[in-house]
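These notes are about the structure you will find just below.
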Amino acid sequence: MKKLTVTALMTVLLVSVVHAYNPPAGGESLFELSSPAGLTGGFTAAGGALFSAGPDSLIVNPALAAGEQRTALNLGYTALVSTNEANSSKFGSAVQAGLLVPLKLYVVSGYLNGTFVPFEEMNVRNSISLKGGISKEITDKLDVGLSLNTGFAWGNNPDWALGANLGGVYNMGNLAFMKDFRIGASILNLGKNFSASSAIGLKDGDVSMYPALATIKAGVSATLVDTQILKLGGAADITVPFFQNVILDLGLKASVKDMLVISVAEKVNLVESLNGSYNFIPSIGLSYRFSFDVHNSEYLEKNGWSESEMTVMAAYKPMYSTVHAASVGVDVDLGMKDETPPVIEIKFDDDDEE
């Protein structure tokens, strides 16, 4: 009888929780709005169609930055525009800044995000969030990571957030015709997230916590074509916010000479689509990477940063039928990536005599 009672109570609780799932449109992708990479599928659990990682990788998987060798800076800005005549204010924005620093034992990342949306059809309102994390290479193939986040939101009512995130990435190497095949998984938002700051959810009733508690994210990515001129990669992610929704992300990237990258991505949010908040037109992005020299700075030369790399990015995404997003961003990697492995020579006494 006790077991039956406990089972019944758990069933009732689960049903009530599932029924209460009611985030605002855009609530599950709150931190993806502020950069071109976020809008074009660059944030996946396995590192994107053509692997890339930076301080903003904390958004989807805190393990992604474990292999980074260079200090990295990141800035992003997105302009949000509503064509809904009913809105008194038709312009919103999202901004981000990030810093990644590799240390001897692990990689440390920090990420700051601000989102300011006045639209009724995308009622995430105003928030500022801060994330910090560490990631580490466990083996040549396995990386793990941990991050903490906090934030403050305001709109109709003020609210706060505090939580943790865990993740891992496994690189299988080559699989059939695919190169650099990676599997990534993370569990996000373990704690309290925003809820009271917004008054309008996807369905009638009170707005539920967003992003959702205990969001599970898993995905794969690989390089499909690899030549001296062209690289083509693909990625697929599935996100399950507290077992109450399913979000599918699909992305393709084409890289020319490892400098010019074209990105196309599609996101399908099941609950949003069923409640009329959808736009199945894919997003598109463009980025260009180049190196630059600074020889008049003693500090940069001392740290080996006189020659560095910069990536400039732009993207467009039709968020919903009446909301459009245009984004620009820049990534700076200080120093040049070391792609030459160390050479180990074994010498014998006879060699010295010669």
Side-chain angles (χ1 to χ4, degrees), residues 30-40 42-45 47-48 51-78 93-116 127-137 143-152 161-167 169 184 186 188-189 287-292 294 297-315 327-338:
L30 180 66
F31 305 119
E32 299 174 15
L33 301 174
S34 54
S35 75
L39 292 179
T40 56
F43 296 142
T44 70
F51 184 83
S52 61
D56 46 1
S57 298
L58 291 172
I59 295 171
V60 291
N61 189 340
L64 290 172
E68 294 303 296
Q69 303 172 355
R70 298 176 290 176
T71 297
L73 307 172
N74 167 269
L75 293 172
Y77 171 79
T78 298
S93 60
V95 296
Q96 72 174 47
L99 173 65
L100 180 150
V101 180
L103 303 177
K104 289 183 178 181
L105 297 179
Y106 42 77
V107 176
V108 177
S109 301
Y111 168 81
L112 178 66
N113 170 277
T115 303
F116 315 98
S127 65
I128 294 177
S129 300
L130 177 65
K131 298 177 182 289
I134 59 173
S135 54
K136 182 176 178 58
E137 291 181 323
D143 300 334
V144 298
L146 164 69
S147 68
L148 302 175
N149 60 268
T150 186
F152 179 76
L162 181 64
N165 313 276
L166 302 168
V169 181
S186 58
L188 309 173
N189 312 319
S287 68
Y288 183 75
R289 183 176 65 181
F290 59 92
S291 59
F292 63 94
V294 180
S297 173
E298 182 178 345
Y299 179 79
L300 293 179
E301 292 184 5
K302 181 180 178 181
N303 287 276
W305 297 344
S306 57
E307 187 177 4
S308 301
E309 288 184 329
M310 178 182 293
T311 302
V312 292
M313 303 165 286
S327 183
V328 293
V330 59
D331 289 342
V332 178
D333 294 299
L334 298 177
M336 299 300 291
K337 189 174 182 179
D338 186 5

Euclidean distance, Leu146 CG relative to Lys136 NZ, rounded to 0.5 Å: 14.0 Å
Could you walk me through whether Arg70 and Leu334 satisfy the side-chain contact (heavy atoms from CB on, under 4.5 Å) test, starting with their C-alpha distance in whole Å, then the side-chain angles of each, then the deciding distance to 0.1 Å, before giving a yes or no? CA-CA 6 Å; Arg70 298 176 290 176; Leu334 298 177; 5.6 Å; no
Just wondering, are more than 12 heavy atoms of other shown residues or ligands nearer than 6.0 Å to OH in Tyr106? no
So, does Ser327 use its side chain to make a donor-acceptor pair with the main chain of Ala314 at under 3.5 Å? no
Write down the atom of Gly335, the atom of Ser308, and the distance for their closest heavy-atom approach. N-OG, 2.9 Å
Nearest heavy-atom contact between Ala66 and Val107 is O-CG2, 3.6 Å
Given side-chain contact (heavy atoms from CB on, under 4.5 Å), test Leu99 with Leu73 step by step and report yes or no. CA-CA 5 Å; Leu99 173 65; Leu73 307 172; 3.2 Å; yes
Any non-hydrogen side-chain atom of Glu32 less than 4.5 Å from a side-chain atom of Ile59? yes
How close do Ala63 and Gly167 get, heavy atom to heavy atom, and via which atoms? CB-O, 3.5 Å
Could you check whether any side-chain N or O of Ser57 sits under 3.5 Å from a backbone N or O of Ala53, counting only pairs where one atom can act as donor and the other as acceptor? no
Quick one: does Arg289's side chain have a donor or acceptor within less than 3.5 Å of a partner on Thr311's backbone? no
Rounded at 0.5 Å granularity, tell me how far CZ in Phe290 sits from CD in Glu309. 10.0 Å
Chi angles and distances behind the side-chain contact (heavy atoms from CB on, under 4.5 Å) call for Ile128, Phe152: CA-CA 5 Å; Ile128 294 177; Phe152 179 76; 5.5 Å; no
Here the gap from Leu30 atom CG to Ser129 atom OG, rounded to the nearest 0.5 Å, amounts to 6.0 Å
Out of curiosity, Glu307 CD to Phe292 CZ, how far, rounded to the nearest 0.5 Å? 9.5 Å
Could you point out which residue of Thr78, Asn113, Asn74 forms a side chain to side chain donor-acceptor pair (under 3.5 Å) with Gln96? Asn74
Pairwise distance CG(Leu64) to OG(Ser186) - rounded to 0.5 angstrom: 8.0 Å
Counting only N and O atoms by type, is there a donor-acceptor contact under 3.5 Å from the side chain of Lys131 to the main-chain atoms of Leu112? no
Between Val108 and Leu100, is there a side-chain heavy-atom distance shorter than 4.5 Å? no
Correct closest heavy-atom pair for Pro36 and Gly329 would be CG-N, 3.7 Å
Give a yes or no answer on whether the side chain of Ser35 reaches the backbone of Gly76 with a donor-acceptor pair at less than 3.5 Å. no
Go through Asn189 and Asn165 one step at a time and tell me if the side-chain contact (heavy atoms from CB on, under 4.5 Å) criterion holds. CA-CA 6 Å; Asn189 312 319; Asn165 313 276; 4.1 Å; yes
Contact check, side chains of Tyr111 and Leu130, non-hydrogen atoms, under 4.5 Å: no
Drop me the distance from Ser135's OG to Leu58's CG, to the nearest 0.5 angstrom. 8.0 Å
Would you indicate whether the side-chain heavy atoms of Thr115 and Ser34 approach each other to under 4.5 Å? no
